[in-house]
Structures are given as C-alpha cells and as structure tokens.
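What follows is a set of notes on a single structure, which appears directly below.
The sequence lines fix the lettering, A, B, ..., with proteins before strands; numbering per chain opens at 1. Basis for what follows: all heavy atoms, side chains included, without hydrogens, waters or symmetry-related copies. All of these numbers come straight from a predicted model, not from anything done at the bench.
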2 protein chains.
Amino acid sequence: MRKTPVYVQIAEKIKNKINTGQLETGDAIDSENEICREFNVSRMTVRKSLAILINEGYIYSIPGKGNYVKKPEFSKYVVQYDEMKNSINSVDRTKLLEVNIVKPDDKLADKLRISKNKNVIMIRRIFYTEGEPVAYDIKFLVYYRGMPIVEKEIQYATFPEMVSKKTPLFSMKKEILISVEAADEEKKRYLNIYNDVPLLVVEQKFTDQENKPLGVGITYFRGDYIKLWGESL
Amino acid sequence: MRKTPVYVQIAEKIKNKINTGQLETGDAIDSENEICREFNVSRMTVRKSLAILINEGYIYSIPGKGNYVKKPEFSKYVVQYDEMKNSINSVDRTKLLEVNIVKPDDKLADKLRISKNKNVIMIRRIFYTEGEPVAYDIKFLVYYRGMPIVEKEIQYATFPEMVSKKTPLFSMKKEILISVEAADEEKKRYLNIYNDVPLLVVEQKFTDQENKPLGVGITYFRGDYIKLWGESL
DNA sequence: CAGTGGTCTAGACCACAGC
DNA sequence: CTGTGGTCTAGACCACTGC
C-alpha cells in the first residue's frame, strides 16, 4: 500500500464538500491561492487537484474569475458498440451479399456530402452466430483510390476497420443512432424471421477531423440477439 | 486569435506522428527528458502534453519504463439517455399509475441485493407527448427513511433525480441495457398500440460508490417515438 | 547503476474579471 | 488597481525498471 499523492487527497476533500452539499451547483470554490495556503502546498499541486475535478465534471473554470461547482451530468453513458460483438451475442461468420461501386441517390449524396456522380462503395452483409442469421448490414463508403474492395478484407471487417485504412482511428468522429423497427419482408427473409421479432437498428456515420463524411452504415439486428450495454461517466 | 499553448502544440505533434503511422501501437515514444530537449521546454510542460495524450487515449504510461502508443479504442460511444427526452421526442406529461411499497420477489431481491422482507418502492408511470402515450415506465427503489413518495415529487422525476435525494449524482454508478421487444397485450393497452410497433427497452441500474444497488428501472418506449444518439469519445 | 516516469516546490509572466 | 486562473521554468526527491 503506497501512499496517496497529495493532489489526489485534496481533490477528494473538495469532492466530498460537493457530494455532502457543503458546496452546491454554481458556488465558487476557494481560489487556487487560498487552497495553497489551506493545505500548505504549491500552486501546481493544487492545479493538479483541480484538473482532476474538472476532468470528472465536478467543477469548471472561468479565467480571471474562479472555479465553480458544475451542474452534474446525469444523462450520459458510455456504450460499447461493436457490430460483431454485443453483451449477449458474438458474430462467428459473415456472408457477403454484395460489394459494388454505385452512384448515390439524393438522400445518400446528401448524407455523405458528395455530388451524385461520385463513386460510393456499397457493402451488404449478413452476420451469423452458430449458423443463425442475426444481423443484416449495409454500408456506404466514399470511394477513394486504394479502397479495400477485396472480399477477404471486407468480409469480417467492422465499420471502423474499413474506414481506418484511410483515416486513422484516433482522428475519426463517429456517430450512432439507435432505433427500433419491425422487420419488412426483405429483412425477414434475410434474417429467417417468421414471427414478430423486432429489429434493433443502428445507424453509423463516420467523419474525419474536418467533418467530411467517410461513410455511413446501417445494421439491422434481430431483437433476440442483441443487447447494448453502457455505464455512466 | 490567441496563440496555442506550447503543451498543446507538442501534444499535436506527437498525435500527428501516431496518426500518420510514424509511431505504431506499442511503440515507445521519446522519453520525457528527450522531448524536453527536442522542444527546448521544461519537463512539466512536456508532462502536460503527455497528460493530454493519455487522457485522449493515444498513449499509456509505465512508471520506470516509458510512454507507449495505445491500441485505439473504437467501439465506445457516449450516448445521451434521458427517459423524458431523446433526439426525436420529448415527454410533456406523465401519468402516475401506481406508487407502492412492496416486498421484492426473488429476482428483484437479487438484483437489488436485499433480503425479501425489505421494503421496495414501486413506481409505474406512463409518459405522454402531445396526448400520445409514448413510454411505460417501472422503477423499483430501495426504501429508506425520507424517501420521496409524494406524488408531486415523483411524477416528473427522472431516475437520477429520484435517487439523488439520497446519494449525490456525482458518486453514483449507473448502468443501462438497451434491447428490443414486441409489445405484449398489457403494454399495447398502456401505449395505445394497435399494430406491430416494436418497443425499445431500456433497463437502468443505479448503485452507490460501494456498488450497493439503489434502484432499478425499466422503460418501454414506443419504437416510433424514440431514437438514441451517441458519438465517439 | 543510470534512466524512467510520478510527485512537488517556489518562483515567474500573462490575459482577463471586477472594482 | 488587485486578484484570478493559464502557462511555464528549473530545479528537487522518490520508486521503479533494466542492465
């Protein structure tokens, strides 16, 4: 058991004041210099404590004024989403239905922010688990030279992997939209659905650092084979 | 346009090395002292740069050894979830179906990690938007003295708000599970469903700092009134 | 042992708030 | 003007790693 750093201790003490209601949302906390005197430490140490609190969403800072207690954020969750793997299921095989270079329709051209005569790669796949079809997946990637259109490279790739050949994963912005819908005839056929199992629909949109779209995708999961898990922070 | 701090500039340069492939996953980056010499800055400045990279998931640090390029995390999203408000809909009225103190059944007692003779508050509500029922909501809160069981306090409260009377929001751990299901007769009745609109189901579980459960909840949203949105980071 | 990252100090200068 | 937070320096000691 090694000892806790001073800056962590100070951060904990301030956290405590907030958690116990001694400090409320919007209140100003002691100035950095006051905290220095209070704990008899240097300012850099205090600033390290405050950095923790800022990072964890406890406080925010206004230069020239002071540090203030922030309104807690309680509606954000970190959700794990991987097309091939969720908390109750894992894809063990895929079938490539189609890989084609197509021209986008109005809606797609708009989403990808390209003109209608540009090339787009369309990939359609079925995901399987133990022989059962569990998801129907369509992706549209903005075409560029060197794009991986080799089946082997595409078949088992997740969306981030496909796009990361061009743009590094770190600098990519990703969005998802999660919704529900009933399966139409086409999807029922693809997914061997004979009853009223609903679908979980995940739309993905990837853009680079400059917000230029790299691709969009939509994955239809059989409702009985997917559960997404998330936790606060 | 004020100038960018040195530590941000250094962080950007190292990011760039990673994003352009000059540094790959697992590679060691220059030691802190080397970076000091390279940019002619003090060590604290360099450490501030590295703190950014660590925070953004670019690198990790091994004391006594060095800093290394981290494998990018590409399956995590920050999802906004508020029972009363999502990206396509906002609840403007609720109906309290029931507020009761009950004894948990086996399953619930297990989930809440309490014995079966303890008291649990059950709250059942319907959420409405412009007169239409859009969600059916059930919550179970571990009873404690001072619990808000006044209708007025409960009717419009979200889950975090209900529980925050006891445990401060900051120190609470929240989990969600997102799934899909077809509406049974009871839910069809509650939600005025006459066709095959599926339901989006969100289970929530709140625990305190010591992982003691505070409450669980399950909300059934009409599929045509909900869409969850998330983004990377 | 020398080199690494982790912590901490006691200064400094700046831009900015508020009076 | 003083006080605030934001940046930055040039040291220091520690625990740890690897040789």
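- With hydrogens and angles ignored, the 3.5 Å screen pairs a side-chain donor or acceptor of A/Glu83 with a backbone N or O of A/Phe159.
- Within the 4.0 Å cut-off from OP1 or OP2 of D/dG5, at least one side-chain nitrogen or oxygen of A/Asn67 is found.
- OP1 or OP2 of D/dG18 lies within a sub-4.0 Å distance of a side-chain N or O belonging to B/Lys65.
- For the pair B/Glu34 CD and C/dA2 P, the interatomic distance rounds to 18 Å; values are reported in whole Å.
- For A/Ser31, a side-chain nitrogen or oxygen approaches OP1 or OP2 of D/dT4 to under 4.0 Å.
- Aromatic ring pairs are classed by plane angle as parallel below 30°, tilted from 30° to 60° and perpendicular above 60°; the pair A/Tyr81 and A/Phe221 is perpendicular.
- Between C/dT9 and A/Thr45, a contact under 4.0 Å exists linking OP1 or OP2 to a side-chain N or O.
- For C/dG11, the OP1/OP2 oxygens have no side-chain nitrogen or oxygen of A/Ser42 closer than 4.0 Å.
- For C/dG6, one of the phosphate oxygens OP1 or OP2 lies less than 4.0 angstrom from a side-chain nitrogen or oxygen of B/Arg47.
- What separates CD1 of A/Ile54 from P of D/dT4 is a distance of 16 Å, to the nearest Å.
- Between A/Pro5 and A/Ile62, the residue whose closest nucleotide on DNA chain C is further toward the 5' end is A/Pro5.
- Residues B/Ile126 and B/Thr94 form no side-chain contact, since every pair of their non-hydrogen atoms from C-beta on lies 4.5 Å or further apart.
- Neither OP1 nor OP2 of C/dC8 sits under 4.0 Å from any side-chain N or O of A/Lys48.
- Here the nucleotide nearest the side chain of A/Tyr7, chosen from C/dA12, C/dC8, D/dG18, is C/dC8.
- Minimum atom distance to the side chain of B/Val41 is reached by D/dT9, of the listed C/dC8, D/dT9, C/dT9.
- In a base pair of the Watson-Crick type (N1 to N3 plus N6-O4 or O6-N4) or a G-U wobble (N1-O2 and O6-N3), with each distance short of 3.5 Å, D/dT2 is matched with no nucleotide.
- Counting to the nearest Å, the C1' atom of D/dC13 and the CE atom of B/Met44 are 13 Å from each other.
- Salt bridge status for B/Arg37 with B/Glu32: absent, with no side-chain N to carboxylate O gap under 4.0 Å.
- Using a 4.5 Å heavy-atom cutoff, the side chains of B/Val180 and B/Val201 are not in contact.
- Taking 4.0 angstrom as the limit, B/Ser61 places a side-chain polar atom (N or O) nearer than this to OP1 or OP2 of C/dG6.
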